[in-house]
Amino acid sequence: MRRVVSQASPSLALIKYWGKRNSGINIPATTSVAVALDALVTTTEVTESPDEREDSLFVDGERDKSTGLRRFFEAAREAMPDLPRVAARSTNNFPTAAGLASSSSGFAALAAAATALVDHSADQEFVSRLARVGSGSAARAVFGGFTLFRAGAKNAEQAFDPDHWPEFRVVVAAVGSAKKPISSRDAMIRAAQTSPFFSDWIDVNESLVEEATAALASRDLERLGLTMRRSYLAMFSTMFTSVPPVFYWLPKTVEVLRVAEEMRSGGVGVFETMDAGPQVKLVCEARDLGVVVSSLKERVPTAEITESVVGGAVSFAHDDI
Ligand code: DP6
């Protein structure tokens with residue numbers, strides 16, 4: 001029986017995907033620009049299970065019964081009619097569903113492993129298109145380095161490889177590990193349907209993408225950082241103005257944001273972003289990493305700190321058992 005083990009790192013959006021043109025298959029309404037986080041890893045083992053009645057996925061021991069997963073396997077079988085029945089087990093070295101982008105690495109790893117059961121040489125674009133059906137951000141997590149996922153596109157692409165900016169660092173400050181109150185999928189649909197600012201959010205996106213891409217090309221942290229902040233804060237304004245409002249922030253979230261603001265005022269190059277959860281991700285360069293981490297540890301001692309460099313692409317190994 002064939003078995004594949006794959007590994008993927010989550011994709012942290014610097015410019016956010018928030019809203020869908022087609023909600024069934026996760027065609028994004030905004031272009032996102034992202035980076036792979038090396039320190040966080042999802043490992044997925046997929047085995048061929050011809051005796052099972054349905055495909056299965058267990059994430060950290062818990063069965064995934066989501067519609068996203070069902071759609072993923074439907075799309076996988078449509079694209080690969082020879083795909084056998086699949087039993088998958090996935091583990092994360094970080095909290096699942098708490099706003100650390102576990103669905104991005106989860107579906108990227110699952111898509112790569114399921115594809116490799118059938119075809120060891122499938123290209124990353126194919127895997128990215130399949131991963132997207134599970135979760136939009138997973139289309140990006142197939143690639144390493146810095147990625148671009150265009151509004152309306154079916155797959156993401158690499159913008160800059162993992163070695164492009166060797167001093168680039170991300171510090172994740174996890175301030176809560178509870179499961180989030182509403183999924184990013186439901187929250188972005190609610191924002192699109194009810195926030196009066198959603199059309200402004202869509203309108204501003206492309207200019208932020210251009211600015212961030214130029215900043216990445218020239219490795220200009222301040223230009224990138226200021227643009228990243230505009231993107232996540234605009235995204236949250238669509239959440240705050242949804243009906244009913246979507247509120248992921250915790251008191252400690254705001255404490256971390258204040259510490260970042262104070263560090264910036266003191267001349268440290270550090271800029272934060274956030275996703276659909278309470279965690280804060282801070283971007284800086286290697287020379288400021290020490291001061292960023294020590295300030296956070298001193299001022300918000302209960303935050304769980306993870307440091308990361310830029311990560312690589314999804315990888316897999318296969319054997320027969
Ligand atoms: C805030 O990729 O989790 O993290 O496509 O519905 O599965 P679905 O959504 P998901 O949303 C990611 C939203 C975000 C921003 C981002 O990663 O670009």
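One is the number of the first residue; the rest follow in order along the sequence. Just follow the structure's listing: the first ligand is 1, and inside any ligand the first atom is 1. Below, all heavy atoms of this structure are taken into account, side chains as well, without hydrogens, waters or symmetry copies.
- Phe160 and Phe146 have perpendicular rings, their planes meeting at more than 60° on a 0 to 90° scale where under 30° would count as parallel.
- Under a 3.5 Å cut-off, the side chain of Ser128 and the backbone N or O of Gln124 do not form any donor-acceptor pair.
- Residue Glu54 is tested with Arg63, Arg70, Lys65 for a salt bridge (Lys or Arg N to Asp or Glu O under 4.0 Å); the sole match is Arg63.
- Among protein residues, Ala13, Lys16, Tyr17, Trp18, Lys20, Asn26, Ser103, Ser135, Gly136, Ser137, Arg140, Ser184, Arg185, Met188, Met235, Asp275, Ala276 come within 4.0 Å of ligand 1, judged on heavy atoms.
- If you chain together hydrophobic residues whose side chains sit under 4.5 Å apart, Leu117 and Phe316 fall into the same group.
- We find that Lys16 and Asp275 are joined by a salt bridge, their nearest charged nitrogen and carboxylate oxygen being less than 4.0 Å apart.
- The two residues Ala108 and Val127 come nearest to each other via the heavy atoms O-CG1, 4.4 Å.
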